[in-house]
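Below is one structure, written out as structure tokens; the observations come after it.
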Amino acid sequence: MAESFIVSGNSKEEKYKSLIPQIHALVEGETDLIANLSNIMSALKFGMNFFWVGIYFVRKTNEKSELVLGPFQGPVACTRISYGKGVCGAAWKEKSTIVVEDVENFAGHIACSSLSKSEIVLPAFDKNKEVALILDVDSEYLSNFDQTDKTYLEEVMRLIETFL
Ligand code: SME
């Protein structure tokens, strides 16, 4: 199965159209959240050649809720992010996708790597419509993410929600 995972196409849209059905096939018949997220992070990282792709889980304790690092592919990253902080914390608070063309222009951006120049962050919701986790995708290029990424990555988030 792994060897047959090949993403084809020249444009970003063609690559996503090739990748997304393979992601669906990759997780078919498997219900374990961590196993599926781990494979999806690898599929996105190597299929789309992103710099960093990873999950932050919303973790609740009696004192507070915060984001905690989950399965990812790429350089080591920040472990915990507070509500409303950085792009990830903002997407959690706003409950919506955030596209950042230049991280230097996003007030409060958390730089896990100085190589990261642009990013897209998307929430996944649990059955109660609460944010359960965040997907963060980083690029070493400015303005790397647009409506096409939003459309196809939101499709991935809807798939992830089926495991929650
Ligand atoms: N840049 C993110 C933090 C996560 S790392 O980039 C992996 C943010 O501002 O929330």
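We're numbering straight along the sequence, starting at 1. Both counts, for ligands and for their atoms, begin at 1 and track the order of listing.
At a threshold of 4.5 Å between non-hydrogen side-chain atoms, the residues F51 and N144 do not count as touching.
Minimum heavy-atom separation, T31 to F163: O-CB, 4.3 Å.
Those atoms of ligand 1 that come under 4.0 Å of a heavy atom in Y56, given as number and element, are 4 (C), 7 (C). Heavy-atom contacts of H109 reach the following atoms of ligand 1: 1 (N), 9 (O) (cutoff under 4.0 Å). Taking a cut-off of under 4.0 Å to the non-hydrogen atoms of W52, the atoms of ligand 1 that pass are 7 (C).
If you check each of I134, V87, I81, D136 against atom 8 (C) of ligand 1, the one with the closest non-hydrogen atom is V87.
Of the protein's non-hydrogen atoms, C112 SG, 2.9 Å is the one closest to atom 5 (S) of ligand 1. Among all non-hydrogen protein atoms, the one lying nearest atom 1 (N) of ligand 1 is I110 O, 2.7 Å.
Between E155 and R158 there is no salt bridge, since none of the side-chain N atoms of the basic residue sits less than 4.0 Å from a carboxylate O of the acidic one. A salt bridge is absent between K117 and D138; no separation between the charged side-chain nitrogens and carboxylate oxygens falls under 4.0 Å. Comment: K12 does not engage E14 in a salt bridge, judged by the lack of any side-chain N to carboxylate O separation of less than 4.0 angstrom.
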(request) Apply ring pair (Phe, Tyr, Trp, His ring centres under 6.0 Å) to Y141 and F50, showing your working. (result) CA-CA 10 Å; Y141 305 108; F50 292 134; over 10 Å; no
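In terms of N/O distances under 3.5 Å, ligand 1 is approached by D138. Considering both main-chain and side-chain atoms, C88 comes within under 3.5 Å of ligand 1 through a nitrogen or oxygen pair.
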